[in-house]
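Here the structure comes first, spelled out in structure tokens, and everything after it is commentary.
By convention in this document, chain letters (A, B, ...) are assigned in the order of the sequence lines, proteins followed by strands, and residues within each chain are numbered from 1.
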Amino acid sequence: MLAREMPTKRVRRPSSPALAAALVATLACVGACNRGRVVDSSLPRTSPAARTADSFVHCIETGTTVCVAAGQLGGGWDALHILLWLADGSPVAILEALPRELAAHTDPLRVQAKLVAEVDRYGAALRGAECQSVATRPLPGLVDQAADLATKRLQRLGLWRKELETVVRGLQQEAHDDLDEGHLVRIDCSYDPYRVYLVTRPHEGRIHVVGMTTVLAPAFGGDVLDRRSVQARLSGPSLGLGGTQANIQEDTIDTWLRFPLEEL
Amino acid sequence: MLAAALASLLALMAPAQPTSADEPEPVSGFARLPGFGALVLAHAEASLGRDALPSGTGVPLEPGLFVTIGLERVWAFDREVLALRSGAVPEGTAARECAGLCSTALFDAMRAFWLSLAIESTQRATEIPARLAVVADKRVPARTMLQVVYAAAIARPVRPPDLALVVTAGGRGLQAQPFHLLAPAGLDIDQGAAALGLRLRFGRDRYELDAVDERYVQNERLTDLRRLAAALAGVKKRYPNKTAIVLEPDASVTVADLVAVIAAVRAEFPRIVLAAGQPID
């Protein structure tokens with residue numbers, strides 16, 4: 001499970017004047033009393049992937065317009081995201097949208113635009129959501145698990161075709177090529193969207209966030225939100241459903257009986 | 001590279017239909033993917049077994065969320081959302097949102113499922129399903145089916161979905177019997193409204209026909225479907241513009257019984273409204 005893989009450890013900052021004074025005294029003693037000892041780094045004790053993910057969230061929180069790095073680094077995540085979708089998404093949506101999604105996958109600009117759109121969608125919510133990384137997970141295992149479950153599910157649903165085998169294997173290979181040194185970082189938030197999963201990968205000496213999603217199926221280590229959080233997500237602004245009201249035609253009885261009262 | 005493989009696929013296959021300049025062209029080779037009916041049938045046979053669905057005729061099945069109800073489990077698409085006990089929803093706290101018609105566990109499971117569909121719709125540019133197809137084992141109690149359908153319908157954001165019960169029509173494959181649900185809190189018909197409010201409360205071999213206003217339809221107790229059909233033909237003669245009937249099965253009724261009753265009444269009253277004992281006044 002993702003949460004158990006690699007919990008992120010953090011150094012808490014002093015929260016009271018007394019504790020701060022004690023720390024100052026301790027620090028003053030360090031020079032004289034602890035010569036030769038190694039002093040901890042002031043950086044949080046998190047993995048580089050988690051620090052990158054936290055920085056990415058902070059970038060969004062500060063309202064910076066461009067948090068997504070330029071470049072064509074997202075193909076591997078897009079491949080993995082399609083595999084996760086095939087393994088757990090709506091089969092009706094798969095029937096409808098798979099050809100379109102695969103066509104879009106061949107265009108790096110569209111792949112990058114998807115990440116930009118996802119960041120835009122949740123940008124406003126993340127600004128007040130009190131988010132922090134809690135776990136990281138290496139990606140190669142997830143890639144193979146997603147490909148395996150996608151294959152078995154498509155076979156079970158009667159959707160399996162020869163060309164789909166080519167597609168699944170190709171997506172799996174592409175995800176491995178791009179993400180074998182990458183990580184999935186789970187971010188927990190106190191408010192909507194509650195969970196954010198960021199995908200990081202190294203490139204030219206730096207770690208980049210190349211993917212984002214707010215849902216991960218339990219089969220892949222995601223958890224099920226409690227009822228309060230589910231309701232908050234459905235009524236929050238990110239999904240655009242909160243203020244939407246059913247359109248009731250004037251001559252119908254109610255939202256349940258959508259035919260004229262005279263017919264009852 | 002997958003991209004190269006897909007590009008060659010795209011080059012080989014002409015797009016199924018013209019697309020706008022902003023939309024990527026679909027990989028049209030996947031037009032050979034099966035249709036919705038085949039998908040439902042594959043899942044029904046895998047989860048319920050062969051010949052588990054009620055027999056009947058209906059209208060063509062249209063794509064949407066399908067909820068499968070067996071004697072031991074409930075699935076939304078192919079994801080298990082609740083375990084049943086011999087066809088019954090385990091007792092538990094009633095969900096406030098369902099006005100007592102479904103359990104909290106069932107409602108929460110369906111609500112979380114709709115959330116996953118809502119998130120998917122933003123990621124894949126699809127619509128949240130507006131239809132719900134009920135794929136129920138014919139032995140399942142109709143009351144269990146109603147609890148599941150109420151939970152799924154109330155939990156959907158924005159508005160309840162359009163509903164249909166899936167039946168197997170012999171050589172014609174799967175078909176849909178459309179139906180409505182009475183609002184969870186019941187129906188309050190204004191005095192003077194032009195509504196007859198015809199209602200059939202029934203069990204096995206026991207049919208009780210009445211209407212909101214008893215001046216128009218006397219309470220009739222019948223013992224078989226033939227007499228019921230004849231009684232309904234009489235009502236229809238007097239009220240030819242009425243098309244809807246409220247069906248209220250008791251705890252003895254199975255999904256197969258319900259389908260048989262629907263078949264008997266829909267010739268005269270094609271708009272089927274299912275209810276679970278809510279008031280109509």
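In this structure, chain A has no heavy atom under 4.5 Å from any part of B/A76. Looking at A/T213, both its backbone and its side chain come within 4.5 Å of chain B, counting heavy atoms on both sides. Within the 4.5 angstrom heavy-atom criterion, atoms from both the backbone and the side chain of A/I82 approach chain B. Contacts of B/V246 with chain A are made by side-chain atoms alone, with heavy-atom separations under 4.5 Å and no backbone atom involved. Contact of B/F113 with chain A is not made at all, since no heavy-atom distance falls under 4.5 Å. Contact of B/I154 with chain A is made through backbone and side chain together, with heavy-atom distances under 4.5 Å. In this structure, the portion of B/R79 lying under 4.5 Å from any heavy atom of chain A is its side chain and not its backbone. With a 4.5 Å cut-off on non-hydrogen atoms, B/L41 does not touch chain A at all. Of the two parts of B/P161, only the backbone, made up of N, CA, C and O, holds a non-hydrogen atom closer than 4.5 Å to a non-hydrogen atom of chain A. If you measure heavy-atom distances from B/I128 to chain A, the contacts under 4.5 Å come from the side chain alone. Residue contact with chain B, scored on non-hydrogen atoms closer than 4.5 Å, involves the side chain of A/L225 exclusively. For B/R111, the parts lying near chain A are the backbone and the side chain together; criterion is any non-hydrogen pair under 4.5 Å. Only the side chain of B/L117 comes within less than 4.5 Å of a heavy atom in chain A; its backbone stays farther off. Contacts of B/L163 with chain A are absent, with no heavy-atom separation under 4.5 Å from either backbone or side chain. With a 4.5 Å cut-off on non-hydrogen atoms, A/D226 does not touch chain B at all.
When each of B/R271, B/H43, B/E45 is checked for heavy-atom pairs under 4.5 Å with chain A, B/R271 comes out on top. Heavy-atom pairs under 4.5 Å with chain B were tallied for A/H81, A/Q173, A/Q172; the largest tally goes to A/H81. The candidate from A/A93, A/S90, A/A97 with the greatest count of non-hydrogen atom pairs under 4.5 Å with chain B is A/S90. In terms of non-hydrogen atom pairs under 4.5 Å with chain A, the most contact-rich of B/A46, B/A183, B/A42 is B/A183.
Annotation: side chain of A/L239 is in contact with side chain of B/L115 (closest heavy-atom distance under 4.5 Å). Side-chain contact check for A/R161 versus B/P34: some heavy-atom pair is nearer than 4.5 Å. Residues B/E97 and A/R227 form a side-chain contact, since some pair of their non-hydrogen atoms from C-beta on lies under 4.5 Å apart. The side-chain heavy atoms of A/R258 and B/D162, taken from C-beta on, include a pair separated by under 4.5 Å.
Counting all heavy atoms, side chain and backbone alike, B/K242 lies closest to A/E262 at NZ-O, 2.6 Å. Shortest non-hydrogen contact noted between A/R156 and B/D78 is NH2-OD2, 3.2 Å. Pairing each heavy atom of A/V92 with each of B/G64, the nearest pair is CG2-O, 3.3 Å. Between B/L39 and A/L95, the closest heavy-atom pair is CD2-CD1, 4.0 Å.
For the pair A/E96 (side chain) and B/T126 (backbone), a donor-acceptor distance under 3.5 Å is absent. Within the 3.5 Å criterion, the main-chain N or O of B/T122 finds no donor-acceptor partner in the side chain of A/R121. No donor-acceptor pair closer than 3.5 Å links the side chain of A/R233 to the backbone N or O of B/A112.
Note that the CG atom of A/L241 and the CH2 atom of B/W114 stand 11.5 Å from one another [nearest 0.5 Å]. In this structure, CG in A/L264 is found 7.5 Å from CG in B/L196, a value given to the nearest 0.5 Å. A distance of 13.5 Å separates CG of B/L198 from CD of A/E263, quoted to the nearest 0.5 Å.
The aromatic rings of B/H180 and A/F259 lie perpendicular to each other, with more than 60° between the two planes, well past the 30° mark.
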#### Entry: Residue pair A/D254, B/L187: steps toward the side-chain contact (heavy atoms from CB on, under 4.5 Å) verdict
CA-CA 9 Å; A/D254 54 30; B/L187 184 61; 4.2 Å; yes

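Counting non-hydrogen atoms of other residues, nucleotides and ligands closer than 6.0 Å to CD of A/Q155 gives a total above 12.
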